[in-house]
Amino acid sequence: MKRNIVVVGYPKSGNTWCTRLVAQVLKAPVVGFFGASKDKEEIAEEGQDRESDFAVYKGHHPYRRLSQSPVEHTAIYVVRDPRDVAVSGAHFFPSKAYNTAKGTELDPFEAMVRTICEGGVYPGCKKPWANLVRPYLHNKAFHVRYEDMLENPEQEVGRILAYLNVERSNGDIAEAIGEQSFDKARSRFTGTKGKRNEKLMREGKSGQHAAYLSSEQIERINTACAREMKRLKYLS
């Protein structure tokens, strides 16, 4: 029986990349979205020909829903600075959907800032960012920060392997990181499914909120998410 690994997080937190990197180092397939029907397409799927004792899934589940799943699994929670999540989400989600549902005429960035602070209409984002992150932190779920994965992937992959009680050589870790480097993965990823994936894997950087959001928008996120951002060291 395969061991199920679920890489879960708020949308636009680097979930697809982290899911694929975990699967790569485990030499396992990304099977799909956890709990979804097998015929539902999941954009992170790859490596279906890999033979492994593991099956890796992506997810955006709230803590309670995931913890109550009848399917045995091990979860890895991915977090990202919510100010950068707002920027990434603004480039990905159509503000038309938000405006139609809310009766507003907001630009994509303001729609996503309000989504982070108040909850919204996009899949996986209907509750505020803090409301979805807090239960994972409160219950001491194992988590990785997207920014740390970018800055020191060897160390973070090592943490993940230790958590999973899996041994891999330094060479295996380096090879997996190389295969899932942003440029290489983006080229492979966008080559198969085109424009949608170009939006999904846009730049793979951190700290972009200062260039896209106003100081007032940043302060609103800082205020709405202060407790969790301080705990995760996004705020001092």
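Nothing here was measured: the structure is a model prediction, and the numbers come from that model. Basis for what follows: all heavy atoms, side chains included, without hydrogens, waters or symmetry-related copies.
We find the CG-CE distance between N4 and M1 to be 6.5 Å, quoted to the nearest 0.5 Å. Note: C225 SG to L232 CG = 10.5 Å, rounded to the nearest 0.5 Å. If you take NZ on K58 and OG1 on T19, they are separated by 6.5 Å, rounding to the nearest 0.5 Å. Atom CD of E118 sits about 13.5 Å away from atom SG of C125, to the nearest 0.5 Å. Considering CD1 of I5 and CG of L26, their distance stands at 6.5 Å, rounded to 0.5 Å.
With contacts defined as side-chain heavy-atom distances shorter than 4.5 Å, the pair E228/R231 does not qualify. Using a 4.5 Å cut-off on side-chain heavy atoms (C-beta onward), V6 and T74 make no contact. Counting only heavy atoms from C-beta outward, the side chains of P123 and F93 approach each other to under 4.5 Å. No side-chain heavy atom of P11 sits under 4.5 Å from any side-chain heavy atom of Y122. Counting heavy atoms from C-beta on, the side chains of V79 and V144 never come closer than 4.5 Å. Between L21 and M149, the closest side-chain pair of non-hydrogen atoms falls below 4.5 Å. Residues Y63 and Y77 fail the side-chain proximity criterion, which asks for heavy atoms closer than 4.5 Å. Looking at heavy atoms from C-beta onward, Q217 lies out of side-chain contact with H209 at the 4.5 angstrom threshold.
Donor-acceptor pairing under 3.5 Å is lacking for the side chains of K230 and S236. Between the side chains of S215 and E219, no donor N or O sits under 3.5 Å from an acceptor N or O. Counted by atom type alone, E46 and Q180 present one or more donor-acceptor pairs between their side chains at under 3.5 Å. Defined by atom type and a distance below 3.5 Å, a donor-acceptor pair is present between the side-chain atoms of Q24 and R50.
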- prompt: Can you check side-chain contact (heavy atoms from CB on, under 4.5 Å) on N15 and V8, steps first, answer last?
  reply: CA-CA 7 Å; N15 309 74; V8 61; 5.9 Å; no

- request: Before giving the answer on side chain to side chain donor-acceptor pair (under 3.5 Å), spell out for K2 and S52 the whole-Å C-alpha distance, their side-chain angles and the decisive distance to 0.1 Å.
  value: CA-CA 8 Å; K2 291 184 181 293; S52 175; 5.6 Å; no

- request: Report the C-alpha distance between L66 and Y136 in whole Å, list the side-chain angles of each, state the deciding distance to 0.1 Å, and finish with yes or no for side-chain contact (heavy atoms from CB on, under 4.5 Å).
  value: CA-CA 10 Å; L66 185 62; Y136 281 94; 3.6 Å; yes

Chi angles and distances behind the side-chain contact (heavy atoms from CB on, under 4.5 Å) call for E45, R20: CA-CA 8 Å; E45 288 181 19; R20 288 180 160 203; 5.8 Å; no

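A donor-acceptor pair is defined here as one N or O able to donate and one able to accept, closer than 3.5 Å; no such pair exists between the side chain of H61 and the backbone of G59. Judged purely by atom type and a 3.5 angstrom limit, R83 has no side-chain atom pairing as donor or acceptor with the backbone of I221. Judged purely by atom type and a 3.5 angstrom limit, D172 has no side-chain atom pairing as donor or acceptor with the backbone of R168. Using modelled atom types, no side-chain atom of D81 and backbone atom of Y234 make a donor-acceptor pair closer than 3.5 Å. Side-chain N or O atoms of R3 include one that pairs as donor or acceptor with a backbone N or O of L164 at under 3.5 Å. Listed for the D84 side chain is a donor-acceptor partner under 3.5 Å among the backbone atoms of Q208. Remark: side-chain polar atoms of N131 are not paired, donor with acceptor, to backbone N or O of W129 under 3.5 angstrom. Listed for the K12 side chain is no donor-acceptor partner under 3.5 Å among the backbone atoms of A86. Looking only at distances, no side-chain donor or acceptor of R80 sits under 3.5 Å from a matching main-chain atom of S13. A donor-acceptor distance shorter than 3.5 angstrom exists from the side chain of S67 to the backbone of R64, with no hydrogens or angles considered.
By the neighbour-count criterion of 12 heavy atoms within 6.0 Å, atom CD of E216 is densely surrounded, having more than that number from other residues, nucleotides or ligands. Within 6.0 Å of CD in E72 there are 12 or fewer heavy atoms belonging to other residues, nucleotides or ligands. The number of heavy atoms from other shown groups lying within 6.0 Å of CD (E51) does not exceed 12.
Here the closest non-hydrogen pair linking N222 and M229 is OD1-CE, 3.5 Å. Between V56 and A28, the closest heavy-atom pair is CG2-CB, 4.1 Å. Closest approach of M112 to A90, counting heavy atoms only: CG-N, 3.8 Å. Here the shortest heavy-atom pairing between V87 and L213 reads CG2-CG, 4.0 Å.
Hydrophobic clustering, with ILVMFWY side chains joined whenever heavy atoms are under 4.5 angstrom apart, keeps V30 apart from V7.
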Report, one line per pair, each donor and acceptor closer than 3.5 Å where one atom sits in a side chain of residues 95-103; sequence neighbours left out.
{"from": "N99", "atom 1": "OD1", "to": "T104", "atom 2": "OG1", "distance (Å)": "2.7"}
{"from": "N99", "atom 1": "OD1", "to": "L106", "atom 2": "N", "distance (Å)": "2.9"}
{"from": "N99", "atom 1": "ND2", "to": "S95", "atom 2": "O", "distance (Å)": "3.3"}
{"from": "N99", "atom 1": "ND2", "to": "L106", "atom 2": "O", "distance (Å)": "3.0"}
{"from": "T100", "atom 1": "OG1", "to": "K96", "atom 2": "O", "distance (Å)": "2.8"}

Please tabulate, for side-chain N and O atoms in residues 153-162, each donor-acceptor pair with protein atoms closer than 3.5 Å (sequence neighbours left out).
{"from": "Q155", "atom 1": "OE1", "to": "N152", "atom 2": "ND2", "distance (Å)": "3.4"}
{"from": "E156", "atom 1": "OE1", "to": "R159", "atom 2": "NH1", "distance (Å)": "2.7"}
{"from": "R159", "atom 1": "NH2", "to": "H143", "atom 2": "O", "distance (Å)": "3.3"}

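With a 6.0 Å cutoff to the six-membered ring centre and a 45° limit on the axis angle, K40 counts as a cation-pi contact of F33.
When ring centroids are compared, H91 and Y212 come within the 6.0 Å threshold.
Ring geometry, F34 versus Y57: the interplanar angle exceeds 60°, so the pair is classed perpendicular (tilted spans 30 to 60°).
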